[in-house]
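Data first, discussion second: the structure below is written as structure tokens.
Treat the numbers as computed from the prediction; the structure is a model and nothing was measured. In what follows, every chain begins at residue 1, and chains take the letters A, B, ... in the order their sequences are listed.
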Amino acid sequence: MYDLRTLRDNFDAIRNQLGPRGIDVPWDNIRTLIDQRRSLTGQAEQLRHELKKGSEDVAKLKREGRPADASMVAMKAVGERIKTIEDELRVVEETLTNLNLHIPNLPHPSVPEGKDSDHNVETRRWGTPPSFGTPAKNHWEIGEALGILDFDRAAKITGARFAVLMGAGARLERALINYMLDLHTTQHGYREVLPPFLVNRSSMTATGQLPKFEEDLFRLRDEDFFLIPTAEVPVTNLHRDETLTENALPLRYTAFTPCFRREAGSYGKDTRGLIRLHQFNKVELVSFVKPDQSYEELERLTGHAEAILQGLGLHYRVVTLCAGDTGFSAAKTYDIEVWLPSHNHYREISSCSNFEGFQARRAGIRYKGLSGKKDARMEFVHTLNGSGLAVGRTVVAILENYQQPEGSVMIPEVLRPYMGGMDRIKKE
RNA sequence: GGAGAGGUGGCCGAGUGGCCGAAGGCAACGGUUUGCUAAACCGUCGUAGGGGCAAAACCUCUACCGAGGGUUCAAAUCCCUCCCUCUCCGCCA
């Protein structure tokens, strides 16, 4: 969603910069609606002014005990014209807002051009892949053999794309959550939040999941609530419709939540294992910062997600998404991809984005300097978030990268305190 | 689920049809006073949209008293619907 004045004044520039991302946007329609809105607003305001003055005259006449019938009749007519124009204006504004909510964010100049993931740019690598004498087993073979993963029973309980973790597997998931939260809160300066996992339509609209991506979400039947697809939604909405004081920024939060995604349109992809589930756990990082600090913050935040992988000793690379692969609301995104030996390639485990003012505008999250100062005017904050990390995929990476020839799995050093001292997962 | 109360500016709080964008207080900010701090005093103190201006300052118009409709010449105030908060009862981890 764009500020209408900005959109009007920079119409062609925005359209051009959006390039292929703006292919679905009905530009001409929007331009017409903006002009109509302006013209109708002007008419309505002028008439309301007339009505206001006329009503004051009526009040005055009545106070003086003089007849006011003529004015009242005239004003009734004005009132009716206002109503007609306002009806028209309402339709124009609703249509325009709805279209505006469908325009994606502008990519940052540093984002590589390109239409799909083939044009993403590898930015750095960390560590080295482990070497195995025999071909690496995939995580579900390892997990099922160890008795810590059960997909058949999950399918019985719910359906496809769900998993049951048991014993040391469940413990490993819990250990990872605690390790991540502890690191982010004690070393990286984030405040822990445990938000609701169900949110309303306004929250989903503010962060950009709605109105365009409703089919990706689980929605309750009896209430207009949605299961969160990421903690980004409730945590960013923590400050919806708030004006923050300048010295409260930056605000940094970390939250553990389950995430629920319908995965519509991904039939046949990653059908086995923990990679793509309808429900998975994630620890999220969310920042609210002043606009001039958001790109610095993106680097920091990405680094915080990387620190988790470094602590676990997992090889990964960081990829800068090209314009076409960057999500709807984001201006710039780094994906962190962890090495998976069974696939012999990298797999997304975190996605860190700067949304600039895009979400803040939808969400009404502003900040204001101390009043009295010259530059005390209100401005939208910039919001950022990133996974730190997707927990299920971290389990995948650990099982695969730390698998041993005889079938057990070593537990990374940093997790052992969280595992009651356990140093490897053996068949139970 | 049943019964009731309520939502006004950053906060508290007045306002039951017109002269109300909204008294008063607190907080904040600028200043005077002061050895410093405090107190006191003076002043400033909403957001958004349109227009004027090259533009900032500024001027002007319009909207906004939980949201959306309605009644009326005129709505914070009356009516309807919805949302949210609180209290009591029931149920429940």
Side-chain angles (χ1 to χ4, degrees), chain A residues 1-10 30-31 33-98 100 194-206 210 219-220 222-226 234 237-249 251 258 288 357 360-381:
Chain A
M1 186 170 79
Y2 290 73
D3 172 62
L4 285 180
R5 198 194 307 223
T6 309
L7 187 57
R8 187 186 62 198
D9 293 347
N10 307 286
I30 289 174
R31 199 199 307 249
L33 286 166
I34 290 176
D35 291 343
Q36 280 178 354
R37 190 189 86 97
R38 184 145 73 136
S39 144
L40 289 169
T41 304
Q43 292 174 49
E45 288 187 352
Q46 203 176 326
L47 287 170
R48 270 196 297 256
H49 180 61
E50 210 178 302
L51 181 71
K52 218 168 151 173
K53 290 279 171 263
S55 297
E56 279 166 21
D57 288 346
V58 171
K60 205 164 126 197
L61 289 171
K62 291 205 162 183
R63 244 179 286 130
E64 292 166 359
R66 295 197 286 156
D69 294 352
S71 287
M72 284 167 64
V73 169
M75 286 311 111
K76 192 174 178 70
V78 172
E80 273 155 18
R81 278 165 67 203
I82 292 174
K83 202 163 288 181
T84 308
I85 288 171
E86 283 185 336
D87 285 345
E88 236 175 292
L89 183 61
R90 195 174 307 130
V91 173
V92 167
E93 288 200 316
E94 264 173 32
T95 313
L96 181 58
T97 302
N98 187 45
N100 197 0
L194 186 61
F197 304 156
L198 291 173
V199 300
N200 58 32
R201 189 169 284 274
S202 300
S203 294
M204 283 292 188
T205 305
L210 291 179
R219 182 182 159 193
L220 299 204
D222 296 326
E223 300 264 3
D224 204 18
F225 289 162
F226 299 84
N237 276 280
L238 225 40
H239 295 297
R240 173 152 52 88
D241 295 322
E242 289 184 20
T243 302
L244 307 166
T245 53
E246 183 175 0
N247 52 21
L249 299 174
L251 283 167
F288 302 77
R361 189 172 305 109
R362 290 170 162 246
I365 307 171
R366 296 180 288 188
Y367 79 96
K368 190 179 180 178
L370 292 174
S371 59
K373 285 213 301 197
K374 265 264 158 44
D375 55 348
R377 69 176 211 283
M378 300 258 245
E379 250 189 291
F380 290 112
V381 301

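Contact check, A:R366 against B:rU47: no side-chain N or O comes under 4.0 Å of OP1 or OP2. At B:rU62, one or more side-chain N or O atoms of A:H49 fall inside 4.0 Å of OP1 or OP2 (strictly under the cut-off). Note on A:R201: every side-chain N or O is 4.0 Å or more away from OP1 and OP2 of B:rC83. Between A:K53 and the phosphate of B:rC61, there is no side-chain N or O to OP1/OP2 separation shorter than 4.0 Å.
For the atom pair CG (A:D35) and CG (A:L40), the distance works out to 11.0 Å, reported to the nearest 0.5 Å. The CD1 atom of A:I365 sits 7.5 Å away from the NE2 atom of A:H239 when rounded to the nearest 0.5 Å. Atom CG of A:N200 sits about 7.5 Å away from atom CG of A:N237, to the nearest 0.5 Å. For the atom pair CG of A:D57 and CE of A:M75, the computed distance is 7.5 Å after rounding to the nearest 0.5 Å.
In this structure, the nucleotide among B:rA63, B:rC73, B:rG51 sitting nearest to the side chain of A:M75 is B:rC73. Proximity note for A:K76 (side chain, C-beta onward) versus B:rC73, B:rG69, B:rG49: the nearest is B:rC73. Comparing B:rA63, B:rC61, B:rG18 against the side chain of A:V58 picks out B:rG18 as the nearest. Among the nucleotides B:rG49, B:rA63, B:rC73, the one closest to the side chain of A:K62 is B:rC73.
Between A:R240 and A:A363 the shortest heavy-atom distance is CG-O, 3.1 Å.
Atom CG of A:D69 is separated from atom C1' of B:rA74 by 15 Å (rounded to the nearest Å). What separates CG of A:D3 from P of B:rG49 is a distance of 6 Å, to the nearest Å. Between the CD1 atom of A:I365 and the P atom of B:rA48 there is a distance of 15 Å, given to the nearest Å. A straight line from CG of A:N200 to C1' of B:rC83 spans 10 Å, rounded to a whole angstrom. The distance from atom CZ of A:R5 to atom P of B:rG51 is 8 Å, rounded to the nearest whole Å. B:rA63 atom C1' lies 7 Å from atom CD of A:E45, rounded to whole Å. For A:L61 and B:rG18, the CG to P distance is 17 Å, given to the nearest whole Å. As rounded to whole Å, 19 Å separates atom P of B:rG50 from atom CD1 of A:I82.
Between B:rC86 and B:rG49, the two P atoms lie 33 Å apart (nearest whole Å). Rounded to a whole angstrom, the distance from the C1' atom of B:rG35 to that of B:rG25 is 33 Å. For the P atoms, the distance from B:rG21 to B:rU60 is 15 Å, rounded to whole Å. Between B:rG24 and B:rU44, the two P atoms lie 12 Å apart (nearest whole Å). Separating the P atom of B:rG1 from that of B:rC92 is a span of 16 Å, rounded to the nearest Å. Nucleotides B:rA40 and B:rA48, compared at atom P, are 33 Å apart to the nearest Å. Rounded to whole Å, the C1' atom of B:rG4 lies 35 Å from the corresponding atom of B:rA63. Comparing the P positions of B:rA22 and B:rA76 gives an interatomic distance of 12 Å, to the nearest angstrom.
Among the heavy atoms of the strands lying under 4.0 Å from A:M72 is at least one base atom, whether or not backbone atoms are also near. A:K83 comes within contact range of the sugar-phosphate backbone alone, with a heavy-atom separation under 4.0 Å but no base atom that close. The residue A:L4 sits apart from the nucleic acid: no heavy atom pair falls under 4.0 Å. Using a 4.0 Å heavy-atom criterion, one finds that A:R361 contacts no nucleic acid atom at all.
Base pairing in RNA chain B yields stems of at least 3 consecutive Watson-Crick or G-U pairs, both distances under 3.5 Å, namely B:1-7 with B:83-89, B:10-12 with B:24-26, B:28-32 with B:40-44, B:46-52 with B:58-64, B:66-70 with B:78-82.
Residues A:R48 and A:A59 each lie close to RNA chain B; by heavy-atom proximity, the contact nearer the 5' end of the strand is made by A:A59.
You'll find the side chain of A:L238 stays beyond 4.5 Å of the side chain of A:L251, heavy atoms only.
Within a 6.0 Å radius of CD in A:E242, other residues, nucleotides and ligands contribute more than 12 heavy atoms.
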Would you mind writing out the side-chain donor-acceptor pairs for residues 82-94 of chain A within the sub-3.5 Å range, not counting sequence neighbours?
residue	atom	partner	partner atom	Å
A:T84	OG1	A:E80	O	2.9
A:E86	OE2	A:R48	NH1	2.3
A:D87	OD1	A:R90	NH1	3.2
A:E93	OE2	A:R37	NH1	3.1

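Between the side chains of A:S39 and A:Q43, at least one donor N or O sits under 3.5 Å from an acceptor N or O.
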